[in-house]
Structure formats: structure tokens, C-alpha cells
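For reference, the structure discussed in these notes is given below.
All values below were derived from every heavy atom in this structure, side-chain atoms included, with hydrogens, water molecules and symmetry-related copies excluded.
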Amino acid sequence: MVLLLATRCVQRRTTPNAYQKLITSSNSYRLIASSHHNASDKYTETRLLSQASSMYNCNEAAPSSTLIGQFSSPLSLYRKQQFSTAVARDYDSLEDVGYEQQPISKLIHKNNDRMPRLQALREQLRHEKRQQQQQHHQQQQSSDLQVAESTKPMIDYSTDMDNSILTDTHGRHHNYLRISLSERCNLRCQYCMPPEGVPLSPTSNLLTNDEIMRLVTLFVKNGVDKVRLTGGEPLLRKDLVPLVHSISEELKKSNATSSNLVGITTNGISLSRHVHDLVDAGLTGVNISLDTLSSDRFQEITRRKGLDKVMRAIGDSISAFQNRYGHVRTGPNGTGGSRVKINCVVMKNFNDDELVDFVNMATDTFGGDVDMRFIEWMPFNDNAWSRSRFVSYQDMVDKITNGGLPLERIIDGPNDTTKWWQVPQKDSTRIGFITSMSEHFCSTCNRLRITADGKIKTCLFGSNEKEVSLKDIMRQSSSDDPRQQEDDLSRVIHAAVQRKTFALGGHGSADNIAKAADNRPMTLIGG
């Protein structure tokens, strides 16, 4: 039993489950408080209910002096001091559960002559002191947090590749960054998107050149020495040449290695107009997509015309690299791979009868100055992938050799996605096969992707749920300190890399990837 003076009987409309009864017995009133509360209730609010309010017919309890005067001997045992203490205790309880704070003096009726005013003043001063102490404690906590943040050491993973933010849980260090510059494309390739295209992000949602360079600088600092620009169609970006120059300079400045490769993957439609400027700006390689040598098939596959433009772009690219480097091939005296690669996605009963023609084009038309690569068709959202039209790596090799062109295996490069072959007596021409589905190369994967809308994608086949927006972190940073911003980005990138699955985005097979349908269309990824 708790004896309380109820001074606000119906002031609050929403109350805990409290029940009070005022019982008349032998010319005396007893105030009996009983309560029933939930486990989450920290305090119980005691109030005077219906009989008290009906007795005084008002929204507030009767004046304390009137109420006290009507109590007989049981209540007279409680002195005025005890009543004031009860009021203060009841007020403290209400304050703790979050009710509107009011001066303690308002809880004591102005006509209560028996309430010691000095005691009320003391209670009010105690209440104000508690508030000051709470405010001081909160300010001290905030100050301590600011000091901790300002003295927190910045993360520096770059000195040890094993501890780099770009090393995943499978021990794979990622030194190859692919950045999509645009979601738009001037073709509608069947293996990439539906005929009507795909919904595009507003331009304001895409990374700016400054944001791209912030990310490139951070990734290069942590070991990236190869950057490839993709799309969509990257040549649709108007400020491409200065961006290539900036990336090239950053690689040269930050890396001790001699690789420092800046590549681009394009459909080649508008490449001839830009390739010489791009090579002068620092472009070191170009991959050109071409899936058929037939004009009719080209239009069927891409849903656009333009085969002649692509063929011209291949020759112009060879010339641009020869003028800049003396050789179109890398390595000592131009004995390595070509800086110009042709990528062909192979589909059954569509272009798989042209494989020998492509090899002859590479060796004869372009004199062995290009590398020819055949790519297994991969499932992405909205590209209607089906097993019935899939051509495996082994089937491709068989078709070429059965077509009268013997192939011999040659050595692949480290972290290479391509299995390389060559035609005997034509050893300057490399024929490659990208075997993502039939014999994946995930165990040596060193690639990370950044989409045009600024999300890091650690696996080409990873679900959208695993993407993390680096753009939002850069644009919504609460700190003006560049080191703090870099530290925030580093932590998020590291966390994303740690979540990278071992193979195929965790799906296990091409059929499961197609069934899951939890990825983007290829044009929104960037290849």
C-alpha cells in the first residue's frame, strides 16, 4: 500500500493500468492505491479515480486542505511533511516515465496553507539541480565522443596486401577495377537487354568525374593497378578523354609497378572518332564487342545497323596504338597480347557457325594484330538466357578444330579470365575463350565493379542486395575532413569485399543464376 496525495486526478487522458478506490469506513476516508502493471512499466502512477472526481466534480483533485480536512484519525497520523514528500515522490515517478514536466509548486494547491512552502521550494530546487546534472552529463558524453573521433587513427591497409581492404575472406586480392560510366547504350544486343531497353537512372544519380576520381585514388592507394571503363556504352560520356587522362596520371603517380593499364570496353560504333585522342590521353587497351561478320545478323543481334563502323574502328584502334607505342602488342618488342581485343558472345544456332570466320579475320584481315576472344553466353536479368542456346568452351574449340583450324594451348596470364590458344604457324594471333559458366575462374578472381550509379559490385553474378552505394556515402558524409571521408569509404569497401562469395555470386551454376533473377541487366552492371 502506498499512501499518496492525488493532485491531478484526470489531468492525463492516457494512464497506466492503475486502480484506486476511496473507501468510506466509520467516518474516515482511507486512500488505498493498488496497481497492476506490465513488465515494461518502470513506475506505477497512482491516481484518484471516480469517487474523488465525482465528489469534487472537477477535472482536478480537490484542494489538499479540503481533502485533508475530511480525513479522520487514520489519516491524521500522517503529518503535513509526509504528504509533501508523497507528492514529490509521485511527481518524480511521473517525470521518470516521461510525462510533461511541471514546476513542483503546481502540484501543491495554492490554498493548501498546511503545506510548508519552504519544503516545496526545496523540492523545486532539487528538481532543477537534477536537470542541470543530466544536461552536464549529456554534454560531457558528447565532448568525449568528439575527442575520440578526432583522435581515432585512420585506416591504412595499403602497406600490407594481406590486410588490404581489397582482400577477401578467400585470400583473393583485387587489383582490377571496372567502372561503368553510363547506363545508356546505342545498341540493343539480345544477350544484354530487352528490345525496349531498360529503365535508366537520372543523370543526377550517376557518378561525376570528381567522384570517380575520388574512388580511383582510394582503390589505387590500396593496390589497384588496372582500371577498365565500361557501360552501357562509355563513349556516350562527353567528358571521357579528360577522365582517361586523370586515371592514367593517378596510376602512374601511385603505383611502383609498370602495368598501370587503362582500358575501355565498347561496341565500337563511335570509336573511330575518339580513339586517337583516348590513346594520347593514356588509354592502353580497347575491347570491341562484335558478335557476327554478317550485316543482317548484326542488325538482328544488336537491333541496329553499324557493322561497317565497328570494322573500321578495329583498324583505327590498331593504328592509334602503333603510332603511340610502336607496337600494338604489349611486352618486349611487341611479343605479348594485343592492345586490341575483339569479344564475341556465342549462341547456338545463331552465330556459332561463324567461329572459324572470326579466327580467319583475326589472322588474315588484321594480320594477327588483334586477339580474338569467344565468350560463353551468361544469364542476366531480361536477356532471356536458356540452356538450349548455350555453347560451352569445349564445344567452341571442337567447332574450330573440326572446321579445319587446329589449335594449340598456350600459357594464360595470372588472374586471367581467358583460356588462350593459338593457330600453329600463326603464333602472333591469340584465340581466347572466356569460360564463365562451364569452367569458371572464380578462385583467382581479382575484379571489382562500380556501377554507373555508384554502387560497388564485388561479383558479376552477385544479387542486387549485396550492392553498397559508395556514391551515397560520398554525398551524404557528415564530415568535412577528407581523411575521415576516406576512412568511411574504406570501411564500407572492406565490408563489401568481405561478403564476396567464392564463386558465381553464391548461385552455384548458370541455371541457378537464371532462376534467381536477382541481378541487374548487363548494361546496368558494366560488364
Side-chain angles (χ1 to χ4, degrees), residues 149-181 207-230 239-240 242-264 281-285 414-415 444-459 467-500 526:
E149 288 294 327
S150 63
T151 58
K152 183 175 63 177
M154 298 294 106
I155 297 178
D156 183 10
Y157 299 93
S158 58
T159 56
D160 184 355
M161 289 298 100
D162 291 337
N163 295 322
S164 168
I165 64 172
L166 305 184
T167 300
D168 67 13
T169 57
H170 307 286
R172 300 172 295 195
H173 178 68
H174 300 78
N175 66 324
Y176 183 4
L177 181 65
R178 302 173 69 97
I179 305 174
S180 177
L181 300 183
L207 290 175
T208 65
N209 274 15
D210 288 341
E211 290 168 337
I212 290 173
M213 286 311 304
R214 283 182 61 186
L215 294 175
V216 168
T217 300
L218 178 57
F219 277 91
V220 169
K221 178 180 177 181
N222 286 277
V224 164
D225 58 8
K226 182 177 181 180
V227 176
R228 178 166 295 279
L229 305 176
T230 67
D239 49 8
L240 179 58
L243 179 60
V244 168
H245 177 73
S246 298
I247 295 174
S248 177
E249 292 301 308
E250 185 64 34
L251 286 168
K252 292 176 184 177
K253 178 179 66 176
S254 303
N255 276 295
T257 63
S258 59
S259 53
N260 299 333
L261 301 177
V262 184
I264 189 171
L283 190 71
T284 61
N415 305 106
T444 59
C445 181
N446 66 335
R447 293 156 184 78
L448 297 172
R449 291 170 171 81
I450 297 178
T451 62
D453 58 350
K455 295 182 179 180
I456 182 171
K457 195 172 184 68
T458 59
C459 177
E467 297 175 358
V468 181
S469 178
L470 304 182
K471 176 201 67 182
D472 289 348
I473 295 173
M474 290 188 287
R475 294 185 183 182
Q476 299 174 11
S477 175
S478 60
S479 173
D480 294 329
D481 182 2
R483 294 177 69 246
Q484 181 62 52
Q485 294 175 5
E486 180 180 312
D487 187 52
D488 292 340
L489 280 172
S490 297
R491 292 178 185 276
V492 172
I493 293 169
H494 178 61
V497 171
Q498 294 305 293
R499 296 176 62 195
K500 182 171 181 174

Check: Hey, which of V227, T230, L215, L243 is the one that makes side-chain contact (heavy atoms from CB on, under 4.5 Å) with I179?
Finding: V227
Item checked: Spacing of CZ belonging to F219 relative to CG belonging to L448, to within rounding of 0.5 Å -> 6.0 Å
Note to self: So, using side chain to side chain contact (heavy atoms under 4.5 Å, CB included) as the criterion, who are the partners of S246 when residues are at least two apart?
What the structure shows: M213
Next item on the list: Using a 4.5 Å cut-off on heavy atoms from C-beta on, say whether the side chain of I264 contacts that of L240.
Entry: yes
Notebook entry, point to check: If every non-hydrogen atom of L251 is compared with every non-hydrogen atom of V224, which pair is closest and at what distance?
Noted result: CD2-O, 3.8 Å
Next item on the list: Check A496 against I456 and note the closest heavy-atom contact, atom names and distance.
Entry: CB-CG2, 4.0 Å
Check: Tell me, do N222 and I493 make a side-chain contact under 4.5 Å, heavy atoms counted?
Finding: no
Next item on the list: Could you tell me which residues satisfy salt bridge (Lys or Arg N to Asp or Glu O under 4.0 Å) with D239, sequence neighbours excluded, listed by chain and number?
Entry: R237
Check: With sequence neighbours excluded, what pairs up with Q485 under the side chain to side chain contact (heavy atoms under 4.5 Å, CB included) test?
Finding: R214, S477
Note to self: Which heavy atom of V492 sits nearest to which heavy atom of I473, and what is that distance?
What the structure shows: CG2-CD1, 3.3 Å
Note to self: Using the salt bridge (Lys or Arg N to Asp or Glu O under 4.0 Å) criterion, which residues pair with R475? Sequence neighbours excluded.
What the structure shows: E211
Next item on the list: Only counting residues at least two apart or in another chain, list the ones meeting side-chain hydrogen bond (donor to acceptor under 3.5 Å, both in side chains) with T169.
Entry: none
Margin query: List the residues meeting salt bridge (Lys or Arg N to Asp or Glu O under 4.0 Å) with R172, not counting sequence neighbours, and say none if there are none.
Written below: D168
Notebook entry, point to check: Do you know the tightest heavy-atom contact between S248 and A281?
Noted result: CB-O, 3.9 Å
Notebook entry, point to check: Could you go step by step and tell me if K252 and E249 meet the salt bridge (Lys or Arg N to Asp or Glu O under 4.0 Å) rule?
Noted result: CA-CA 5 Å; K252 292 176 184 177; E249 292 301 308; 3.8 Å; yes
Margin query: Taking the side chain as everything from C-beta on, heavy atoms only, tell me whether S490 gets closer than 4.5 Å to H494.
Written below: no
Checklist line | With sequence neighbours excluded, residues passing side-chain hydrogen bond (donor to acceptor under 3.5 Å, both in side chains) with K500 | finding: H174
Next item on the list: Please determine, by modelled atom types, if D453 and T451 share a side-chain donor-acceptor pair under 3.5 angstrom.
Entry: yes
Next item on the list: Show your working on side-chain contact (heavy atoms from CB on, under 4.5 Å) between L229 and I247 and close with a plain yes or no.
Entry: CA-CA 10 Å; L229 305 176; I247 295 174; 3.9 Å; yes
Checklist line | Inter-residue atom distance L207.CG - K455.NZ, 0.5 Å rounding | finding: 11.5 Å
Checklist line | Sequence-distant partners of N446, side-chain hydrogen bond (donor to acceptor under 3.5 Å, both in side chains), two or more places apart | finding: N175
Item checked: Separation between CE of M474 and CD1 of I212, rounded to the nearest 0.5 Å -> 8.5 Å
Item checked: Shortest non-hydrogen contact from R447 toward N415 -> NH2-O, 3.1 Å
Item checked: Least distance between heavy atoms, H173 atom then S164 atom -> CE1-OG, 3.4 Å
Next item on the list: Report the distance from atom CG of D487 to atom CD1 of I165, rounding to the nearest 0.5 Å.
Entry: 9.5 Å
Notebook entry, point to check: Could you give the distance from NE2 (H170) to OG1 (T444), rounded to the nearest 0.5 Å?
Noted result: 13.0 Å
Notebook entry, point to check: What pairs with T458 under side-chain hydrogen bond (donor to acceptor under 3.5 Å, both in side chains), at least two apart in sequence or on another chain?
Noted result: none
Note to self: Distance check, rounded to the nearest 0.5 Å: Q476 atom CD versus S469 atom OG?
What the structure shows: 7.5 Å
